[in-house]
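These notes concern the structure reproduced below.
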Amino acid sequence: MNLILLGPPGAGKGTQAKRLEDAYGLIQLSTGDMLRAAVASGSEIGQKAKEIMERGELVSDEIMIAMIRDRIQQPDCVHGFILDGFPRTTVQAEVLDAMLANMDVKIDHVIEMTVDDAALVERITGRYSCAKCGAGYHDKYQQPETDGVCDKCGSTEFSRRKDDKAETVTSRLQAYHAQTAPLLPYYKAKGVLKAVDGMADIDEVTSQIELVLEAA
Ligand code: AMP
């Protein structure tokens, strides 16, 4: 089974993708994570992407398509993948379709996670993650059980994304509405789009996604 999670930054795509990885044995393909790894490694792509990401704009289609083309052909993707953060433009979606047709692979569901813009700023600016295992937390909605200690791995080091600042969030939301939201009618026309309420709590959103996957 192959899925696309579609929704604005902060909708909970990464959180749900991690849960679906565990529950269905799928691989999460997060282009944001790939880019952050490229930035951290100082690679040529990382150097090109760093400032664009810090401004909250989109990295070029050319870079993103090359990145996903390499990743999606790796053997671990054959049992199914979850695209998280890709495609983000109509060009990316069209090239993805052609790429998958060549591989004889199809997208089973595109799941739109709907969230009010007003809620997103608070969600994004409050989030942080364990610096060691990547487990996600939030200042208000999801604190570790023991203050300052990661529930999953016990680490006491946490980090926040540079682009999760309020100023940058506004640009990221603008990029979403202008460049990514047009993908909703694109996938609706293909009959694969299903919406879930991203404002519900995390477990409820997971249940709604599971209903979509299991109704198929
Ligand atoms: P994310 O972790 O998905 O919120 O992505 C963080 C940032 O990486 C975005 O704000 C973009 O600058 C960049 N990015 C991630 N995926 C894409 C993509 N498919 N196309 C263009 N830029 C992307």
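The shown structure was predicted, so the numbers you read here are calculated from the model rather than taken from an experiment. Every number for a ligand or one of its atoms is a count from 1 in the order of the listing.
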For residues 145-158, please give each side-chain donor-acceptor pair under 3.5 Å, one per line with the distance, not counting sequence neighbours.
residue	atom	partner	partner atom	Å
Asp151	OD1	Glu145	N	2.8
Ser155	OG	Glu157	N	3.1

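At a heavy-atom cutoff of 4.0 Å, ligand 1 is surrounded by Thr31, Gly32, Leu35, Arg36, Met53, Glu57, Leu58, Val59, Met64, Gly85, Phe86, Arg88, Gln92, Arg161, Asp163, Arg172.
At distances below 3.5 Å, not a single donor-acceptor pair connects side-chain atoms of Asp116 with backbone N or O atoms of Ala118.
Between Asp164 and the choices Arg123, Arg36, Arg127, the salt bridge (Lys or Arg N to Asp or Glu O under 4.0 Å) rule is met once, by Arg127.
Using a cut-off of 4.0 Å between Lys/Arg side-chain N and Asp/Glu carboxylate O, Asp139 and Arg160 are scored as salt-bridged. Ion pairing between a basic and an acidic side chain is recognised when a charged N comes within 4.0 Å of a carboxylate O; Asp108 and Lys106 show such pairing.
Residue Met67 holds its CE atom at 12.0 Å from CD1 of Ile65, rounded to the nearest 0.5 Å.
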